[in-house]
Peer 1: 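Dropping a structure here in structure tokens format, bear with me for questions.
Each chain gets a letter, A, B and so on, in the order the sequences are listed, and its residues count up from 1. Since the model is a prediction, treat every value here as computed from it, not as a measurement.
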Amino acid sequence: MEVGLGVKQRMAARAAQEISDGMVVNLGIGLPTLVADHVPEGRRVTFQAENGMLGYGRTPERGREDPNLINAGGLPVTEEAGASYFDSTIAFGMIRRGRLDLTVLGALQVGERGDLANWLVPGQRVPGMGGAMELAQKARKVIALTLHTAKDGSPKILPECTFPLTAREAVDLIITDLAVIEVTPGGLLLKEVAEGVSVEQVLSATSARLAVDRDPGSF
Amino acid sequence: MSRPDDAAKTAGSRTVADADAEQGKVASTVTGEHGKVVPLSRALEVFHDGMTLMYGGFGGVGTPPTLIRAVLESGVRDLILIGNDSGFPEVGVGPLIVNRRVSRLIVSHIGSNPVAGKQMTDGELRVEFCPQGTLAERIRAGGVGLGGILVDVGLDTIAGEGKQTLVLGDGVTYLVESALTAEVAIVHARKADLSGNLLFDKTARNFNPFVAMAGDFTIAEADEIVPVGELEPEEIVTPGIFVDMVVQSEGVEWKWGWE
């Protein structure tokens with residue numbers, strides 16, 4: 001199933017709603033990088049890049065890119081007032097020390113207790129974990145931003161991840177093209193469904209146990 | 001100040017200080033000396049088959065382009081590379097992998113270089129993955145004379161499997177991760193002075209400062225080489241004591257992914 005950019009932008013916009021004023025946020029590579037464009041007006045947010053920058057801003061105009069001023073996804077960014085540069089040990093020091101309020105990460109699979117698998121597809125793709133283990137394990141809040149099902153239609157939200165884990169019991173909120181699902185101590189809770197999507201559709205695309213909120217909202 | 005690239009092309013016979021002297025400007029303490037600046041050909045003498053080579057850079061940003069090209073042209077092979085990632089096929093250390101000069105990698109990811117992935121699947125390239133922050137601290141530990149680090153990241157994943165653990169007084173279980181050093185480390189600096197003091201450029205700093213410390217022998221490639229005394233002591237990121245040689249950068253020749 002190919003998903004259009006419109007759907008991805010809507011997912012990113014929904015994730016951006018989770019950013020509150022004053023937060024320090026790290027966005028993972030791929031889909032999560034779109035979240036930066038949807039931060040609600042007037043909300044101050046400090047973006048951290050694990051390649052050694054705090055306080056990066058929007059994409060520069062074409063022709064004004066600086067090859068040495070990039071985010072962790074390898075894309076050119078700009079400096080916000082108050083930005084700082086540091087080496088990678090300091091970047092991960094901030095993460096391990098618990099100074100990051102929020103990270104938004106891509107996911108291959110999410111387990112019903114919030115386990116995250118996002119770095120290895122056995123027998124297929126072994127890109128490596130990069131900085132995902134630190135981010136997933138140590139950020140105060142972890143959002144998994146992912147399509148609800150894999151390309152072949154198989155569920156990505158499972159009772160237990162079958163791929164090797166990035167971190168155990170790490171994810172707090174799952175945002176997909178179909179739904180917003182909270183990871184609660186009692187299990188997964190369906191909070192919102194995407195416009196035009198029914199609760200039944202979400203349930204049938206999810207193999208983990210999924211409780212439905214009394215009055216699910218829409219996004 | 002002379003143009004650094006002028007000094008560069010003939011470094012070894014002429015230094016920035018010499019060039020300054022010709023222009024009637026005299027560098028403070030190193031006039032007539034080359035300091036640690038050498039021509040690229042001399043730097044190449046330290047590379048050999050089968051060596052461990054550590055490099056700075058993140059997706060190729062901050063990886064010394066001139067040294068990488070020189071290593072590739074020198075033909076050395078069976079390299080054991082230690083650094084953040086495998087670059088892109090034409091960026092960073094990527095060309096060393098594409099041209100089969102590397103037998104083993106210790107990195108946090110290879111996602112941006114499909115050739116590395118294919119060589120790993122085909123059994124031609126051994127890859128050891130390490131979480132990025134842990135990898136950085138292992139290199140730093142090597143660079144500051146420690147035996148290793150204690151960290152709980154990845155403890156209950158396959159990144160922690162088979163590794164020694166330790167429970168400290170706080171009751172937390174930590175993985176024991178060994179320090180990393182290398183025979184030669186190469187870094188890319190924005191500026192170097194003749195005694196090897198370095199500073200970096202924005203996000204091109206990344207792994208460079210601690211990689212510089214972890215080499216038994218460290219070579220810095222600098223965009224600009226200045227006389228001793230020209231850098232503000234407060235702005236120096238890597239003290240020259242960790243740097244054995246400085247070579248002039250000829251700049252990045254590869255094309256970035258976003259271009």
Peer 1: Of all of B/P131, B/G59, B/G111, which one pairs up most often with chain A through heavy atoms under 4.5 Å apart?
Peer 2: B/P131
Peer 1: Should A/N51 and B/N84 count as side-chain neighbours, where that means a heavy-atom distance under 4.5 Å?
Peer 2: no
Peer 1: Identify the residues of residues 26-48 of chain A whose heavy atoms come closer than 4.5 Å to a heavy atom of chain B, ordered by number, or report 'none'.
Peer 2: none
Peer 1: Surrounding CD1 of B/I241 (heavy atoms of other residues, nucleotides or ligands, distance under 6.0 Å), is the total greater than 12?
Peer 2: no
Peer 1: Would you please name every residue forming a side-chain hydrogen bond (donor to acceptor under 3.5 Å, both in side chains) with B/S112, sequence neighbours left out?
Peer 2: none
Peer 1: Could you have a look at A/T166, A/L165, A/V126 and say which one has the most heavy-atom pairs with chain B under 4.5 angstrom?
Peer 2: A/V126
Peer 1: If I take atom CG from residue A/N71 and atom CZ from residue B/F58, how far apart are they, to the nearest 0.5 angstrom?
Peer 2: 8.5 Å
Peer 1: Return the option, out of B/V153, B/V127, B/T157, with the maximum number of heavy-atom pairs under 4.5 Å with chain A.
Peer 2: B/V153
Peer 1: Can you tell me how far CD of B/Q132 sits from CD1 of A/I95, rounded to the nearest 0.5 angstrom?
Peer 2: 8.0 Å
Peer 1: Among A/G52, A/G123, A/P76, who wins on heavy-atom pairs under 4.5 Å with chain B?
Peer 2: A/P76
Peer 1: Can you tell me how far OG1 of A/T89 sits from CD1 of B/I149, rounded to the nearest 0.5 angstrom?
Peer 2: 10.5 Å
Peer 1: Given heavy-atom pairs under 4.5 angstrom as the criterion, report whether the side chain, backbone, both or neither of B/P209 touches chain A.
Peer 2: side chain
Peer 1: Heavy atoms, side chains only, cut-off 4.5 Å: are A/W119 and B/I158 in contact?
Peer 2: yes
Peer 1: Going through the distances and angles, do B/E137 and A/F92 end up as a side-chain contact (heavy atoms from CB on, under 4.5 Å)?
Peer 2: CA-CA 9 Å; B/E137 287 296 344; A/F92 282 93; over 6 Å; no
Peer 1: Please look at B/V151 and chain A and tell me whether the side chain, the backbone, both or neither of the residue comes under 4.5 angstrom of a heavy atom of that chain.
Peer 2: side chain
Peer 1: With a 4.5 Å cut-off on heavy-atom pairs, point out which of B/L155, B/V252, B/T134 contacts chain A the most.
Peer 2: B/T134
Peer 1: How would you list, by chain and number, every residue that makes a side-chain hydrogen bond (donor to acceptor under 3.5 Å, both in side chains) with A/Y85, sequence neighbours excluded?
Peer 2: A/E79
Peer 1: Answer yes or no: are there more than 12 heavy-atom neighbours, outside B/E235 itself, under 6.0 Å from its atom CD?
Peer 2: yes
Peer 1: Should we say atom NZ of B/K163 is surrounded by more than 12 heavy atoms from elsewhere, each under 6.0 Å from it?
Peer 2: yes
Peer 1: Measure the spacing between CH2 of B/W256 and CD1 of A/I70 and express it to the nearest 0.5 Å.
Peer 2: 7.0 Å
Peer 1: Does any heavy atom of chain A fall under 4.5 Å from the side chain of B/D152, the backbone, both, or neither of them?
Peer 2: both
Peer 1: May I ask you to list the residues in residues 167-175 of chain A that approach chain B closer than 4.5 angstrom, counting heavy atoms only, ordered by number?
Peer 2: A/A167, A/R168
Peer 1: Hey, what do you get for OG1 (B/T203) to CZ (A/F86), rounding to the nearest 0.5 Å?
Peer 2: 10.5 Å
Peer 1: If you count heavy atoms of other groups shown closer than 6.0 angstrom to CZ of B/R140, is the number above 12?
Peer 2: no
Peer 1: Might you confirm whether atom CD of A/Q9 has over 12 heavy atoms from other residues, nucleotides or ligands at distances under 6.0 Å?
Peer 2: yes
Peer 1: For chain B, which candidate among A/G130, A/P67, A/G131 shows the most heavy-atom pairs at distances under 4.5 Å?
Peer 2: A/G130
Peer 1: Answer with side chain, backbone, both or neither: which region of A/E134 has an atom nearer than 4.5 Å to a non-hydrogen atom of chain B?
Peer 2: both
Peer 1: Looking at A/M133, A/M129, A/K138, which one has more heavy-atom pairs under 4.5 Å with chain B than the rest?
Peer 2: A/M129
Peer 1: Taking atom CG of A/L120 and atom CZ of B/F129, what is their separation to the nearest 0.5 Å?
Peer 2: 7.5 Å
Peer 1: Side chain, backbone, both or neither: which part of A/R125 has an atom under 4.5 Å from a heavy atom of chain B?
Peer 2: neither
Peer 1: Which region of B/F210, side chain (C-beta onward) or backbone (N, CA, C, O), has a non-hydrogen atom less than 4.5 Å from a non-hydrogen atom of chain A, or is it both or neither?
Peer 2: side chain
Peer 1: Out of B/M120, B/R205, B/E259, which one racks up the most heavy-atom pairs below 4.5 Å with chain A?
Peer 2: B/R205
Peer 1: Taking every non-hydrogen pair under 4.5 Å, which of A/G93, A/P164, A/A72, A/G74 racks up the most with chain B?
Peer 2: A/A72
